[in-house]
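Here's the structure, in structure tokens; my notes come after.
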Amino acid sequence: MNYFVKGNPDLCIGCRTCMIGCVVVHEGKHIFEVDPDSYNFNPRLHMVKTAKISVPVQCKHCENPACMAACPVQAIYQEDHRVLINTDKCIGCKACATACPFGAIDIVSLAGTRQADGSERKVANKCDLCNNIAGGPACVRVCPTQALSLVTEEDLGGAMEKKRMEAARNAYMEIHPQNGG
Amino acid sequence: MSMGIPEVEDAGCLLCFGYNGADSHPIVARRIVRGRQKGMKIICVDPRVTETARISDIHLQLKGGSNLALVNAMAHVIWEEGLTDDRFIQEHTKGYDEFLKVIEKYTPEYAEPITHIPADMIRQAARMYATTKPAMILYGMGVCQFSQAVDVVKGLANLALMTGNFGGPSMGIGPVRGQNNVQGACDMGALPNSYPGYQNVTVPEIREKFEKAWGVPLSDKVGCPITHVPHRILHEKDEKKRIHAYYIFGEDPAQSDPDLAEVREALDKCDFVVMQDIYMNKTGLYADVILPATAWGENEGVYTCADRGFQRFRKLIEPEGDLKPDWQIIAEISTAMGYPMNYKNTEEIWNEMIDLCPSFAGATYEKLEKYNGVQWPCRDKSMEDKGTPYLHKGGNFATADKKALFYGTDWHPPLEMENDEYPMSLSTVREVGHYSVRTMTGNCRMLRSLEDEPGWVQMNPDDCKRLNLEKGELVKILSKRGYCITRCLPTERVKPGATYMTYQWWIGACNELTLANLDPISNTPEYKYCACRVEKIEDQEWAERHVKELYDDIRVQMGIDTGKGAAS
Amino acid sequence: MKKELGSFVIGDSTKCTGCKACEMACFTVHNQGSNHVGKTVGTVTVPVVPRLFLTKFEYGCMPIQCKHCENAPCLNACTKGAISRIDNQVIVDPEKCIGCKDCMQACPFGAVTLLPYAKDGKVVAQIGSNETRVFASKCDLCKDVPGGPACVRACPHEALRLVDPEAEREEKNIKAAEALLLTKNWR
């Protein structure tokens, strides 16, 4: 099963430290030294603020990814419990972005790249669970209220098991209320 | 704050009044969020749906400018429904009967048309606050930045007194100070009416103590608050009172004071302006002399946290360039002016100060190091006195007879209400990412990538639709004082008719519009309410070019590299 | 704020009945000016050249058209520079096109095809030959047509929709955030 990061709206304070953390670990330390126009500020998760909610939204690393099915050039693949995009193959056709029901995919410019008409290449951008980055998902690490958590197969399995046991207990109590307490 | 910040998460009920923790102090917001997880009840009073309002039990989304009407109505309910702590009122307070006369007419029904909050909700909130113990009040600029501010603070204190919510942990009343290090600045007497340690300049014994310690005669008159300075430069007729020189340090009045057109005029006409700061900012453009100071990490000293906690901060790196720590610059200027200051380090200055301030006397560097900070009052130098987490223990107050004083006043509206020419209201707010006027964070490229000029004006989607505005569109927003250009941000979090802007942008400078209407006692301006108008700009391409030109212009004037290389 | 991404039209095969009203509408609006295409089919003297192509497949049918890719393979393949971005959309200049077929081959969707070029009510010949001149024909989002994409307007079953990628993403984000409210007690 694929892993994913999810946000808790009860703990999120909308500060966007997660977005900054995401950019910093994906770009690397050099962003603090080079020409600001030469690095990419492309966070892979996005803060949503409505009247009722503040929480970041990001890729759920689906099991039957709609994005992977829609991609005409096979740029999207699954590996090591995550869904990844090979941006070298990406033609920016937006099929994946349109297919994703969560809007988790953004199309972003890659600084320093060139197309035939002189413009920068634009590619699909989404959460990659900090693939190949030491320390695991940066957003989880930097959130000041610990509103984000990485959910693994074990975590989800464990939660399901607990809920089922609770359901069984409640069903039992319905028939044997005197054994409760 | 009468309590310590860690106590926030253990309150039974939090009345969060005109305070937006998530945007002003994420670390305090963390405590609020944790408190909620522990089952804390939250009543949030704010005209917007802030992060705290989102997780609150009751959100009183009042009309801006109606604070005291609401506070008095809550007091009325607490009295009328017999929810008072009569023993506490009797043993520890005075003036209760006079106070009741004032709040008698403030029934929730009376307050409803003023506050736009249903009477029943006011009752529910008052009951929740009065019956859930311990109950804590946190308030911020939503209380202070109105022409009726001090009255509201007293009004909130009345609520805490009525319900006996003083003198124990996780209760009381806390102004969560706007920024670091405003608490410290006040503690050190950077106020026109007090010496360090809140000792009044008009009291002869105190003045004599300082005259003796410092070896100079001192004035017995209250000084000039920052918000009076433009007037004292531009319009003061008495030559003895007219201001000719302005030494500004660690503050950016040309960005954060109200009615910026007037501030600029004052700075222009002032004969001599000195600016001492860590980075170039708007005020620097008007300075005759700029004294560059060291920033965080490059110097050491003491800050005071909003909850009265003195904390040591330490030097990490050697500053590069022609800079000095603030205290050294001031000492050298003082010496050059004829009053020698020969301090070798900050500890010498600190020790001299605490020996003159009874409430701080015990807060030595040794103690600050050992205990990672000390909350004043800390009167005893012995290591046993670790300071005071919360005030008014045992119901004792800082009055002659140790009793707290009830103080009731009538509500009045803000000075400049909406009118035909300016049919909407404007209030200044903050956001996380950039900090205050951006003297520091404007130079942090990550934060600039997150948010940059010309900022946003938050408006209700209905208003945006009415004015045919889309998200991100550049608009002109004007008031009687001036205008600025910024981007429209439709959001359901604000009510129709109201607009909100952060005060940090040079181009989207909302203080062009605000007015210098001051609370008569605190002299804080009414940033939270003025009348404005929003206009659509048809030629968006021109507007984008214009904003970019203005931004580039200012950066050139400030000598900042326009975007290339590490120096920016 | 300026849009950064190109919009595009996409079809829904569950609604499409294969009537080709979209193809006719597309041809009509692109040929009224230069090819005197009038009010009825009887006035048409040039080949019917659409820029979207009804496609039948195992599960039904739907028109296929250009997605205005951000790194458009057609644009990057065209050595004549006949394909460029105008207002975020990928547009072919038929005057510059020499019919080399690279863009056709590059497009992974088959959204580009070479079709006869007509002007002033007559099919045009190639220079130096009697063969019909052709040009790379593909959806241009009706950029010069008042009322916007004609195919969307013409479809009797509303099987075509114009996608604003940035606006759609934001709407979807909000739905995803609201779903997080329902799953916050997953443990």
Side-chain angles (χ1 to χ4, degrees), chain A residues 6-12 45-50 52-60 71-74 87 89-95 97-110 113-124 147 149 151 155-156 158-160 162-163, chain C residues 3-12 64 66-86 88 90-91 102-103 106-111 161-187:
Chain A
K6 68 177 285 171
N8 184 342
D10 282 348
L11 296 176
C12 177
L45 73 173
H46 297 276
M47 182 58 61
V48 173
K49 286 192 185 186
T50 67
K52 285 180 289 182
I53 202 169
S54 287
V55 75
V57 164
Q58 68 214 95
C59 172
K60 293 183 188 292
C71 179
V73 298
Q74 288 83 48
T87 54
K89 289 185 178 173
C90 179
I91 60 171
C93 75
K94 297 159 286 193
T98 311
C100 175
F102 312 109
I105 301 184
D106 200 2
I107 311 291
V108 299
S109 293
L110 289 184
T113 56
R114 281 291 166 270
Q115 294 189 55
D117 66 350
S119 64
E120 286 175 334
R121 283 190 72 226
K122 286 202 173 112
V123 297
S149 32
V151 181
D155 292 329
L156 204 51
M160 297 300 111
K162 221 177 90 185
K163 288 200 257 198
Chain C
K3 294 266 174 208
E4 305 266 329
L5 301 180
S7 297
F8 56 95
V9 174
I10 189 109
D12 183 349
I64 294 295
C66 174
K67 284 190 184 301
H68 296 273
C69 303
E70 303 303 321
N71 305 320
C74 57
L75 184 156
N76 283 298
C78 179
T79 33
K80 279 290 285 180
I83 308 185
S84 57
R85 292 208 93 87
I86 301 175
N88 291 331
V90 180
I91 307 291
D102 277 347
C103 58
C107 176
F109 306 107
R161 78 167 212 278
L162 175 64
V163 177
D164 174 344
E166 284 151 292
E168 269 200 20
R169 188 180 67 76
E170 281 186 21
E171 280 164 25
K172 289 185 204 173
N173 276 171
I174 292 177
K175 291 213 181 70
E178 287 169 0
L180 281 170
L181 273 177
L182 292 168
T183 61
K184 63 180 178 170
N185 295 320
W186 63 280
R187 277 186 241 258

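In the text below, chain A, chain B and the rest are named by the order of the sequence lines, each starting its count at 1. Not measured: the values here are computed from a predicted model.
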Any idea which of C/Arg85, C/Lys172, C/Glu178 has the most non-hydrogen atom pairs under 4.5 angstrom with chain A?
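Counting heavy-atom pairs under 4.5 Å, the top option is C/Lys172.
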Options C/Thr183, C/Ile10, C/Ile83, ranked by heavy-atom pairs under 4.5 Å with chain A, top entry:
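Heavy-atom pair counts peak at C/Thr183.
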Nearest heavy-atom neighbours spanning [X] and [Y]:
X        : Y        : value
A/Lys6   : C/Trp186 : NZ-CD1, 3.6 Å
A/Ile91  : C/Pro73  : CG2-CG, 3.7 Å
A/Pro72  : C/Phe109 : CG-CZ, 3.3 Å
C/Leu180 : A/Pro56  : CD1-O, 3.8 Å

Roughly how far apart are [X] [atom1] and [Y] [atom2], rounded to 0.5 Å?
X        : Y        : atom1 : atom2 : value
A/Leu110 : C/Glu70  : CG    : CD    : 12.0 Å
C/Leu75  : A/Asp117 : CG    : CG    : 4.5 Å
A/Thr98  : C/Glu168 : OG1   : CD    : 6.5 Å
C/His68  : A/Cys93  : NE2   : SG    : 12.5 Å

For [X], is it the side chain, the backbone, both or neither that has a heavy atom under 4.5 Å from a heavy atom of chain A?
X        : answer
C/Thr79  : neither
C/Glu171 : neither
C/Ala77  : neither

Before accepting this row, confirm whether a basic side-chain N of the pair C/Lys184/A/Asp10 lies closer than 4.0 Å to the acidic partner's carboxylate O.
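So C/Lys184 pairs with A/Asp10 through a salt bridge.
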State whether the side chain of [X] and the backbone N or O of [Y] hold a donor-acceptor pair below 3.5 Å, judged by distance alone.
X        : Y        : value
A/Lys162 : C/Arg187 : yes
C/Lys175 : A/Pro101 : no
C/Asn173 : A/Gly103 : yes
C/Asn71  : A/Cys90  : yes
A/Lys94  : C/Lys67  : yes

Any idea which of [options] has the most non-hydrogen atom pairs under 4.5 angstrom with chain C?
options                     : answer
A/Thr113, A/Ile107, A/Leu11 : A/Ile107
A/His46, A/Gln58, A/Lys60   : A/His46
A/Leu156, A/Val55, A/Ile53  : A/Ile53

A/Thr50 portion near chain C, given a 4.5 angstrom heavy-atom threshold
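The side chain, not the backbone.
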